[in-house]
Amino acid sequence: MPEYTLRIRRYTPESGQAPHWQEFQVDLDGNRSVLDGILQAKDRQDGSIGIRCSCRAAICGSCGVRINGRPNLACHMHLERAEQTAVDGVITVEPMGNMPVLKDLIVDMDAVHWRKIQRVTPWLINKEPVPEREYIVPRESMVDVTQTMACIQCGACVSDCLSMEVDPLFIGPAALAKAYRFVGDPRDAQQFERLKDLAEDPHGIYDCTHCFNCIEACPKGVAPMNQIMRLRRIAGGDHEIEDRNNGYRHEHAFVKNIERNGLLHEADLLPDSYGGKFHPRAVPELGRSLPAILKALRRGKVTPQKALLHPHKAPKDVRRIYDVVEGREERLELNLYVVGEEDEEPPRQGAGTPTEPVATVTGRTPHSHAGGAQLPEERSPNR
Amino acid sequence: MKVAYWPGCVSRGFTPELHGSMAKVAPMLGIELVQLDRASCCGAGVIAEHSQELADTLNARTFALAQAEMARGAELMMNICSTCQGAQSECQQRLDGNTDYREHVNRTLEPEGLRYERGIVNKHFLWLMVEEIGLDRIGSMVKRPLTDLRVGPFYGCYIVRPTDRLGISRETPRDTYLHQLIETLGGTVVDYAGQYKCCGFPIITMHRENSLKQAGRHLGDAIDAEADCLVTPCPLCHLNLDLQQPLAEKVIGRPLGMPVLHLPQLVGLALGVDPKELGLNKHVVKPTSVVDWSTSVVASVDGGGDGGRPGAVPASQRH
C-alpha cells in the first residue's frame with residue numbers, strides 16, 4: 001500500500017497555543033480520498049484531530065478544507081492527485097479561510113456562512129393568491145435555477161472570496177448564489193425588493209470584484225460569481241435600480257462610454273460613474289482621486305489633451321451592433337452549464353439557413369436543454 | 001511571426017507605457033504586430049454584466065477582424081491585457097460552445113461582411129512568449145540578465161481563473177509562466193501571498209476602500225517578502241497597484257513605494273532596452289530600485305571587457 005504524508009494544521013483556540021503543523025503518514029490506496037487519509041491518522045495515531053464529515057461522497061458538504069492551499073471537499077480529492085499537486089510531495093491540509101477556526105480543520109460555519117445565508121431571505125415569498133393546487137411554472141425557468149440549487153453549502157467559495165478577505169461584511173458568493181435561487185424563481189413575489197436590498201447594501205452585489213475565485217473553488221459547478229452577475233443584470237436591466245453604491249451608474253457609464261468611443265475613455269468613466277463631472281456626488285469623489293490624477297499628469301502618463309478630447313470614435317458598425325442588440329425585446333443569455341458545451345462543430349446543414357438560437361430568452365429565464373450538475377474538472381495542478 | 005495584435009484600451013489610455021514598451025520589444029523578439037485598429041473594447045466583464053449578447057457580439061466582431069488578418073498571414077491573435085484575455089475567452093467559450101448561438105451572433109455581424117469562425121487562437125503576450133517563441137530562445141536573447149533583481153509576479157485574476165476556460169493544465173501550466181519567464185530573464189522570483197489575488201480595481205467606483213485595501217495589502221505582502229518590484233500582465237491591475245498606490249497607502253496606513261512593471265517592460269530591460277524608452281519614467285511609483293539595478297549591471301557588463309553575453313541561466317540551475 002503506498003504511503004502518503006499529510007501535513008495537517010493543528011489549532012485549539014482555548015489552549016492559548018499558536019497553530020502548528022503536524023505530519024502524519026498514512027498508508028492507503030492512491031484513489032482513496034484525503035478525508036480517508038485524515039480519518040486513518042485520527043484512528044491510528046491521534047484521536048484528537050478535529051475534522052467535520054459525514055457522507056464521504058461529496059453530497060453533504062461537511063468536509064470543506066484547504067488542500068495544498070486550495071479549497072475543496074476532503075472527500076472529493078484523491079490522495080494520489082493531492083500528492084501530485086503538493087509542492088514538496090507532502091499534502092497540506094488546513095482549515096478553510098474567512099471563517100474562525102473552532103478546532104484544527106473545523107471552522108465556525110454558523111458565525112459566517114450561515115449568518116450570510118440568512119441575510120438573503122433564503123425562502124420563497126410566494127405570490128398571492130396561492131393556487132388551489134400547485135403553481136404552474138415553465139420548465140425552463142426551473143432548469144435555470146438548478147445551477148444554484150446544486151450548492152451543498154460546503155463554504156469552499158466563502159473560504160476563498162477575495163472581497164470578503166478585506167470586507168468581512170460582504171454578503172459573499174454562497175449567499176448571493178442562494179439569493180439568485182429565489183430572484184430567478186417565477187413563483188417569488190418579491191424579486192424587486194430582494195434586488196433593491198442587495199443592490200443598496202454596500203456589502204451586497206456591487207462589492208464583488210469578479211475575481212473568479214468562487215467559480216474555481218466550487219466543487220459543484222455553481223459558479224457563484226456568474227449568479228452575482230445575473231443579479232446585477234436583472235437589477236439594472238429589468239428594474240433599473242439606481243443604487244447608492246454607483247453600481248448601476250458605473251455599468252451604464254461603461255456601456256455608454258464604449259458605444260460613443262469604441263475604446264474605453266477612462267477620463268470620462270470615473271466622473272460618469274458618479275453621475276457626471278459636476279454632480280454633487282462626483283465632486284468629493286473626484287477630489288479624493290485628485291492627487292493620483294495630478295501625479296499621472298506630472299509623469300506624462302496622461303496628457304490634458306488626451307483626457308479632455310475624445311480622440312477615438314466608435315466605428316459605425318459598433319454603434320449598429322449596439323442598436324440591434326440593445327433594441328431586442330428580450331435579453332439573450334446562454335448558460336453553458338445548462339445547455340452543455342459542444343465538443344465539435346456539428347456538420348452544417350445547408351449553410352445560409354438561419355436557425356433560431358437555442359440560447360435563451362432571458363429577462364429572467366434562459367432556457368435550456370440537458371440539465372444536470374457537472375463536476376468541474378480538477379483544479380490547476382501547478383500551484 | 002506575424003500576429004493580429006489587440007492592444008486593448010487601457011494600454012492606449014492611462015498606461016501608454018505598456019503600448020509603447022510592447023512596440024519596442026516586439027521586433028526584438030521577432031514579432032510583427034498588425035494592430036486591430038477598428039476593434040472595440042472587450043467589455044472587461046462590465047458589458048457582459050449588462051448584456052451577455054452585446055459583449056459576445058462585440059468580441060465576435062474583434063475575432064472576425066483578427067481572422068481577416070489571419071487570412072492575410074497572421075498566425076494568431078495576440079493581446080497584452082489579462083482582462084482582455086479573460087473577458088474575450090469567456091465570450092469565445094460561449095460562441096464556440098454553441099453553434100446556434102454563434103450563428104445568431106454572426107447574423108448581427110453580417111451587414112459589414114464579418115463572420116466569426118469557431119476556434120480562434122487568442123493568446124496573451126505572456127503565453128505567446130512561452131508557447132510560441134519558447135523560453136530557451138528568449139533566454140538566448142537576454143543581454144542584461146536580471147541578476148539579483150527580486151521580482152514578484154502579480155498574475156491578477158483574469159489570466160489564471162477559471163483554469164478550464166483558460167486552458168491551464170499540467171501540460172500547459174500557464175499559471176506558472178510569469179515565474180518561468182522571470183527566471184529565464186535571470187531574475188529571482190519572489191513568492192508572496194497576493195500573487196494570484198485580485199488587485200481590487202473592478203470595484204474602485206463602488207467600494208473604494210475595499211478596492212484600495214486589496215491593492216495595498218498585496219503590495220505590503222510583496223514588501224514583506226523583500227521584492228524589489230512587481231511585474232503584471234494586466235494594465236488594470238497596474239492602475240490600482242501603481243497609479244492608485246499613494247491612495248492605497250493612506251487606506252492601509254502603511255508606506256509602500258513598490259514599483260510595478262508591465263510585462264514587456266521587464267522583458268525589455270533584460271533585452272537591454274533603455275529604461276526611459278520603456279516608459280519607466282511614466283510610473284507614479286518611480287521604479288528607482290529597478291533603474292539603479294539596470295544601470296549598475298550595464299556598467300559591470302561593459303567593464304567585463306570580453307563583450308560576451310553573461311547568459312541567462314534560470315535561477316533554479318544557477319547553484
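Labels below follow one simple rule: chain letters A, B, ... track the order of the sequence lines, proteins then strands, and each chain is numbered from 1.
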Under 4.5 Å from a heavy atom of chain A, the part of [X] involved:
X	result
B:Asp56	neither
B:Asp191	neither
B:Ala39	backbone
B:Arg217	side chain
B:His50	both
B:Val10	both
B:Leu109	both
B:Thr15	both
B:Asn281	backbone
B:Leu243	both
B:Gln214	both
B:Glu90	side chain

For [Y], is there an ion pair with [X] - N to carboxylate O distance below 4.0 angstrom?
X	Y	value
A:Arg244	A:Glu200	yes
B:Arg38	A:Asp317	yes
B:Glu53	A:Arg331	no

Criterion salt bridge (charged side-chain N to carboxylate O under 4.0 Å, His left out) on B:Glu112 and A:Lys316, from CA distance to verdict
CA-CA 10 Å; B:Glu112 280 80 25; A:Lys316 246 190 263 152; over 6 Å; no
To the nearest 0.5 Å, tell me how far [X] [atom1] sits from [Y] [atom2].
X	Y	atom1	atom2	value
A:Arg319	A:Glu326	CZ	CD	14.0 Å
B:Glu117	B:Phe63	CD	CZ	13.5 Å
B:Thr176	B:Tyr155	OG1	OH	5.5 Å
B:Leu236	B:Ile204	CG	CD1	11.5 Å

For a 4.5 angstrom cut-off between non-hydrogen side-chain atoms, does [X] reach [Y]?
X	Y	result
B:Gln265	B:His283	yes
B:Tyr196	B:Phe154	no
B:Leu95	B:Tyr101	yes
B:Pro173	B:Ile168	no
A:Asn246	A:Arg281	yes
B:Arg208	A:Arg288	yes

So what's closer than 4.5 Å to chain B heavy atoms on [X]: side chain, backbone, both or neither?
X	value
A:Thr209	both
A:Tyr274	side chain
A:Arg298	neither
A:Asn213	both
A:His265	neither
A:Ala267	both
A:Arg249	neither

Count the heavy-atom pairs under 4.5 Å between each of [options] and chain A, then report the option with the highest count.
options	value
B:Asp242, B:Leu114, B:Ile203	B:Ile203
B:Thr108, B:Asn106, B:Asp96	B:Thr108
B:Gly45, B:Pro246, B:Cys199, B:Gly43	B:Gly43
B:Gln93, B:Gln244, B:Lys250	B:Gln93
B:Glu49, B:Lys213, B:Arg94	B:Glu49
B:His179, B:Gln245, B:Lys286, B:Glu209	B:Lys286

Criterion salt bridge (charged side-chain N to carboxylate O under 4.0 Å, His left out) on B:Arg161 and A:Glu216, from CA distance to verdict:
CA-CA 7 Å; B:Arg161 286 183 294 269; A:Glu216 197 62 17; over 6 Å; no
Single hit among A:Leu334, A:Val325, A:Asn335 for side chain to side chain contact (heavy atoms under 4.5 Å, CB included) with B:Gln52
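Checked A:Leu334, A:Val325, A:Asn335 against B:Gln52; only one passes side chain to side chain contact (heavy atoms under 4.5 Å, CB included): A:Leu334.
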Taking B:Arg174 for the side chain and B:Leu166 for the main chain, is one N or O donor matched with an acceptor at less than 3.5 Å?
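Pair found, side chain donor or acceptor close to backbone of B:Leu166.
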Considering only heavy atoms, give the residues of residues 253-261 of chain A separated from chain B by less than 4.5 Å, sorted numerically, with 'none' for an empty result.
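Near chain B, by residue number: A:Phe254, A:Val255, A:Ile258.
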For the candidates [options], which exhibits the highest count of non-hydrogen atom pairs separated by less than 4.5 Å from chain B?
options	value
A:Val302, A:Asn226, A:Asp243, A:Ile321	A:Ile321
A:Gly237, A:Pro291, A:Pro202, A:Gly236	A:Pro202
A:Met225, A:Met229, A:His210, A:Glu285	A:His210

Could you check whether B:Arg61 makes a cation-pi contact with B:Trp6, meaning its NZ or CZ is under 6.0 Å from the centre of the six-membered ring and within 45° of the ring axis?
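No, B:Arg61 does not lie over the aromatic ring of B:Trp6.
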Tell me the salt bridge (Lys or Arg N to Asp or Glu O under 4.0 Å) pairs involving residues 79-89 of chain B, sequence neighbours left out?
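Salt bridge (Lys or Arg N to Asp or Glu O under 4.0 Å) check on residues 79-89 of chain B returns no pairs.
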Closest heavy-atom contact between B:Thr163 and B:Val160?
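In terms of heavy atoms, the two residues are closest at CG2-O, 3.6 Å.
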